[in-house]
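These notes are about the structure you will find just below.
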Protein chains: 2
Amino acid sequence: MLITSPHLDAAFAALADPTRRAIVARLALGEATVMELAQPFDMSQPAISKHLKVLEIAGLISRSRDAQRRPCRLEPQVLADASGWLDHYRDVWERNFRRLDTLLDEMKRQEKKSSVPRRRAKKK
Amino acid sequence: MLITSPHLDAAFAALADPTRRAIVARLALGEATVMELAQPFDMSQPAISKHLKVLEIAGLISRSRDAQRRPCRLEPQVLADASGWLDHYRDVWERNFRRLDTLLDEMKRQEKKSSVPRRRAKKK
DNA sequence: TAGTTGTATAACTAAATAGTTATATAACGT
DNA sequence: ACGTTATATAACTATTTAGTTATACAACTA
């Protein structure tokens, strides 16, 4: 979890671009060729090829061969890794939040038990 | 889920840097000042301040004031949003995978029922 | 008030990124 | 073999990024 850094660098960087996230979203529905992936975008074909290379290097997609075509498929493992990293630290945060929260509760309860008598003592 | 793009651009870009992920990891344990966050890194203080600004703009952290200090705290919502995006498309992929998988199974079953008779017919 | 501590900003540089057009490669159909 | 289709690569440009040092600002302490 902690030392998967170089891997996650590429994954998060790849996902930071809206065009690439749209490609990932499209590929979640199934394989597609470069032409098919390029079609929705107002962008040159080489630009799409470059985005696909970024996704491939990040391990988010893989490509096979079908005649002249290079169908792309989503590789969900890296999505899972990125999600795992996020969830891990959300979880750590939540545990610490709860810990502090109960600590504050206990301090309040201590106050009720101890500060009232203290005031009484002062009054006396 | 689909149109939260500009938001996710900044979040994923912020998380693409290992220094910033380390800062997020540290803040999951609780608040910390800029000095405390900078200490583990072989990097100038202004560099850390810039990383913190990137994280703040992405909505991943927030900062308060304590005398000269600017304690940083993690804001887990954006982590949750990013994780949600990933999980959503993993889920879409998985559903489509299963759908294709059962489709293939059905096709195989059809083959058993229909192609064997066809072969018999040919032989005859 | 003067010095100190904690943090931010300015100005700069080197490297990386996202796009372009033009061209090359690869496999098909005729 | 020849033109066509699908994709990749090269060369270039503009923008962004991650770092630097020097400096400014803000709030404390003596």
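Reminder, nothing fancy here: chain letters follow the sequence lines and each chain counts from 1.
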What nucleotide among C:dA18, C:dT7, C:dC28 has an atom nearest to a side-chain atom of A:Arg20? C:dA18
For A:Arg70 and C:dA27, is the shortest distance between a side-chain N/O and OP1 or OP2 below 4.0 Å? no
Among D:dG19, C:dG6, D:dA8, which nucleotide has an atom closest to any side-chain atom of B:Met43? D:dG19
Return the nearest nucleotide to the side chain of B:Arg69; candidates are C:dT20, D:dT7, C:dG6. C:dG6
Between A:Arg65 and A:Lys50, name the one whose nearest nucleotide on DNA chain D is closer to the 5' end. A:Arg65
With a cut-off of less than 4.0 Å, is there a side-chain N or O of A:Ser49 near OP1 or OP2 of D:dT7? no
Report yes if at least one side-chain N or O of A:Thr33 is closer than 4.0 Å to OP1 or OP2 of D:dA6; otherwise report no. no
Between B:Leu86 and A:Leu15, does a side chain to side chain contact (heavy atoms under 4.5 Å, CB included) hold up when you go through it step by step? CA-CA 10 Å; B:Leu86 294 167; A:Leu15 292 167; 3.6 Å; yes
Rounded off to whole Å, could you give me the CZ-to-C1' distance for the B:Phe12 and D:dT17 pair? 19 Å
Taken to the nearest whole Å, NZ/A:Lys53 to C1'/D:dT7 is 11 Å
What is the distance from CG of A:Asp9 to C1' of C:dA16, rounded to the nearest Å? 13 Å
Taken to the nearest whole Å, CZ/A:Phe41 to P/C:dT20 is 13 Å
Counting only heavy atoms not in B:Phe41, do more than 12 sit closer than 6.0 Å to its CZ atom? yes
Just how far, in rounded Å, is P of D:dA8 from CD1 of A:Ile48? 11 Å
What's the NE2-P distance between B:His51 and C:dT7, to the nearest Å? 16 Å
Taking the side chain of A:Gln45 as heavy atoms from C-beta outward, which of D:dT7, C:dT21, D:dT20 is closest to it? D:dT7
Got more than 12 heavy atoms from elsewhere within 6.0 Å of CZ, B:Arg65? yes
Would a hydrophobic clustering, with Ile, Leu, Val, Met, Phe, Trp and Tyr connected at side-chain separations under 4.5 Å, put B:Val54 with B:Met43? no
Side-chain atoms of A:Gln68 come closest, of D:dT5, D:dA27, D:dA18, to D:dT5
Would you kindly give the CG-to-C1' distance between B:Leu37 and C:dT7, to the nearest whole Å? 12 Å
Evaluation steps, salt bridge (Lys or Arg N to Asp or Glu O under 4.0 Å), between A:Arg90 and A:Glu94: CA-CA 6 Å; A:Arg90 280 211 297 146; A:Glu94 192 130 329; 5.8 Å; no
Look at B:Ser44 and D:dT20 and indicate whether a side-chain polar atom (N or O) is within less than 4.0 Å of OP1 or OP2. yes
Side chain of A:Ala67: nearest nucleotide among C:dA27, C:dT7, C:dT21? C:dA27
A:Asp17 CG to D:dT16 P: how many Å, rounded? 13 Å
